[in-house]
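Note that this is a predicted model, so its numbers are computed, not measured. Below, chain A is the first sequence line, B the second, and so on; all start at residue 1.
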Protein chains: 2
Amino acid sequence: MVKIVNINKDAGNLAERAYEEIKRRIFDFILMPGDRLSESDLAQQIEVSRTPLRQALQQLQHEGFVEALPKVGWLIRPLDFEKFDELYDFRILIECFAARELCTTVKDRSALRTLALIWSVPAAERLQDAMKVSALDEAFHQTIVESTGNREMMRTHREITERIRIIRRLDFTKDNRVTATYDEHAVILVALQGGRPDEAQQLLTSHIEISKREVRQITLDMLQRARKREPLAGQN
Amino acid sequence: MVKIVNINKDAGNLAERAYEEIKRRIFDFILMPGDRLSESDLAQQIEVSRTPLRQALQQLQHEGFVEALPKVGWLIRPLDFEKFDELYDFRILIECFAARELCTTVKDRSALRTLALIWSVPAAERLQDAMKVSALDEAFHQTIVESTGNREMMRTHREITERIRIIRRLDFTKDNRVTATYDEHAVILVALQGGRPDEAQQLLTSHIEISKREVRQITLDMLQRARKREPLAGQN
DNA sequence: ACTCGCCTTGTTGTATACTACATAGTATCC
DNA sequence: GGATACTATGTAGTATACAACAAGGCGAGT
């Protein structure tokens with residue numbers, strides 16, 4: 001009897017694989033904002049059937065990356081900087097709350113020491129690799145939020161992180177922005193360890209606000225270059 | 001030629017209909033927390049095929065009402081009061097931020113006047129119907145959050161509202177809780193209209209905290225009664 | 001009597017066929 | 001020549017068949 005083997009490369013199910021693959025293509029601007037696409041086309045490209053593909057698309061729709069046009073097709077949502085601004089502001093609210101909790105009610109400060117080992121280091125020990133710094137930056141802010149112990153806030157904060165990553169990561173492609181991030185994280189940690197909530201909140205707010213502004217400009221440049229290089233990058 | 005007509009009762013698509021129907025059954029405790037269910041059974045009951053049903057279940061999974069047990073089936077998630085507490089705390093954070101915005105930076109105060117017409121009324125004009133008061137209560141808090149203009153905070157707040165509605169609505173089945181809600185909303189509105197952010201935040205916080213505590217007890221009673229009445233309410 | 005392994009049954013995961021529908025292109029009529 | 005109706009084509013929405021898999025029952029062997 002012939003056994004048909006499931007040759008899933010990464011995940012146990014095709015839906016997840018499709019999800020990761022589509023997201024990758026969006027992040028790499030292979031699927032450009034504004035592109036239209038049909039389920040059958042994409043299914044063929046990714047080599048899954050429509051069923052798991054639609055599952056993936058629905059997930060991505062919920063996360064705001066794609067939009068369903070009923071009976072017509074799917075659309076890669078254009079980058080909406082107003083929305084990113086609002087997500088950054090939301091981050092500020094959640095992280096400032098977490099910072100206050102850390103200073104006032106949270107007992108276990110060990111997480112702060114761990115963060116200091118990463119961020120409060122001499123210039124020579126600082127990392128440069130954009131992807132690594134980006135991941136560490138996300139971890140830094142996530143760790144602060146974790147201190148609240150509120151899983152719902154953590155969840156929402158994680159979702160925000162997922163949604164802004166597409167532009168946020170570009171921040172670390174500039175050396176001076178990496179330097180600034182190290183500096184700012186260091187002083188934030190000092191304020192948190194010193195138990196000074198107002199100062200920590202103020203530093204955190206301006207840290208995120210600066211990033212918000214920088215990232216917008218960097219992204220606009222990046223987009224223009226991507227468009228010039230491959231004006232018809234998306235299929236059909 | 002025979003034309004097969006789509007007899008969708010409510011929505012344009014079956015997935016949405018399935019979603020509403022399942023949610024209704026969960027809210028009515030026809031599907032009890034802890035119940036296991038299979039897609040084929042439920043599909044037959046709701047009279048849709050598995051495809052739109054799964055779409056509905058995935059949506060409900062994202063909202064935390066059901067849980068997918070891969071290769072095994074679906075589970076109606078038990079009511080988790082710790083989670084509800086965290087959602088209430090999250091509400092407090094968002095609504096307090098909105099209240100501050102309302103007092104300090106928002107120009108257009110007309111929404112507050114509209115709310116006052118509903119909540120700041122003589123006892124004789126107060127509504128009693130639990131469903132109506134519940135809807136008005138949700139609208140009250142939503143309106144405050146809308147004042148921020150931050151659509152992401154609004155969205156998250158709306159999701160929180162959806163997720164806690166299953167227990168929150170029970171709050172208004174008790175007359176004294178309706179009375180308390182009217183009283184508390186009225187004083188909150190006064191503080192907001194007076195532009196006193198600290199007072200508004202303090203009132204809002206205690207208002208939500210009280211509700212959190214009351215609702216927990218009411219729900220536990222309700223659940224016990226539901227369990228006694230129909231110990232095997234779920235199918236199979 | 002107990003344990004181990006096979007096999008039956010029920011479940012989701014996936015692929016695919018088919019329906020209803022939207023859209024655009026074309027031919028026809030005025 | 002312009003507007004309009006019709007038709008061809010491609011799309012998502014839906015139903016369903018089948019494969020892969022999990023789990024538990026049941027029997028055989030000890």
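Per the geometry, CG belonging to A/Leu57 stands 11 Å off C1' belonging to D/dA12, to the nearest Å. Taking atom CG on A/Leu53 and atom P on C/dA15, their separation rounds to 10 Å, with Å as the unit. In this entry the distance linking CG of B/Leu69 with P of C/dT11 reads 13 Å, nearest Å. Computed from coordinates, the A/Lys71 NZ to C/dC21 C1' distance equals 5 Å when rounded to whole Å. Computed from coordinates, the B/Trp74 CH2 to C/dG10 C1' distance equals 17 Å when rounded to whole Å. When rounded to the nearest whole Å, the span between OH of B/Tyr19 and C1' of D/dT14 equals 21 Å. Taking atom CD on B/Glu47 and atom P on D/dT14, their separation rounds to 15 Å, with Å as the unit. As rounded to whole Å, 15 Å separates atom C1' of C/dT11 from atom CG of B/Leu75.
The side chain of B/Arg50 approaches D/dC18 more closely than any other nucleotide in the set D/dC18, C/dA22, D/dT14. Which of C/dT12, D/dA23, D/dA15 sits closest to the side chain of B/Val72 comes down to D/dA23. Distances were taken from every side-chain heavy atom of A/Asn13 (C-beta onward) to each of C/dC18, C/dT12, C/dT14; the shortest belongs to C/dT14. Which of C/dA17, C/dA22, C/dG13 sits closest to the side chain of B/Glu39 comes down to C/dG13.
Comment: A/Arg155 engages A/Glu159 in a salt bridge, judged by a side-chain N to carboxylate O separation of less than 4.0 angstrom. A salt bridge is defined here as a Lys NZ or Arg NE, NH1 or NH2 lying under 4.0 Å from an Asp or Glu carboxylate O, and B/Glu63 with B/Arg163 fails to meet this definition. Between B/Arg24 and B/Glu21 there is a salt bridge, since at least one side-chain N of the basic residue sits less than 4.0 Å from a carboxylate O of the acidic one. Between B/Lys23 and B/Glu20, none of the side-chain N atoms (NZ, or NE/NH1/NH2) sits under 4.0 Å from a carboxylate O, so this pair counts as no salt bridge.
To the nearest 0.5 angstrom, A/Leu102 atom CG is 7.0 Å from A/Ile144 atom CD1.
Where B/Ser40 and B/Thr51 each meet DNA chain C at their nearest nucleotide, the meeting point lying more 5' is that of B/Ser40.
For A/Ser49 and C/dA15, the shortest distance from a side-chain N or O to OP1 or OP2 is below 4.0 Å.
For D/dG13, its base never sits under 3.5 Å from the side chain of A/Arg54 at any donor and acceptor pair.
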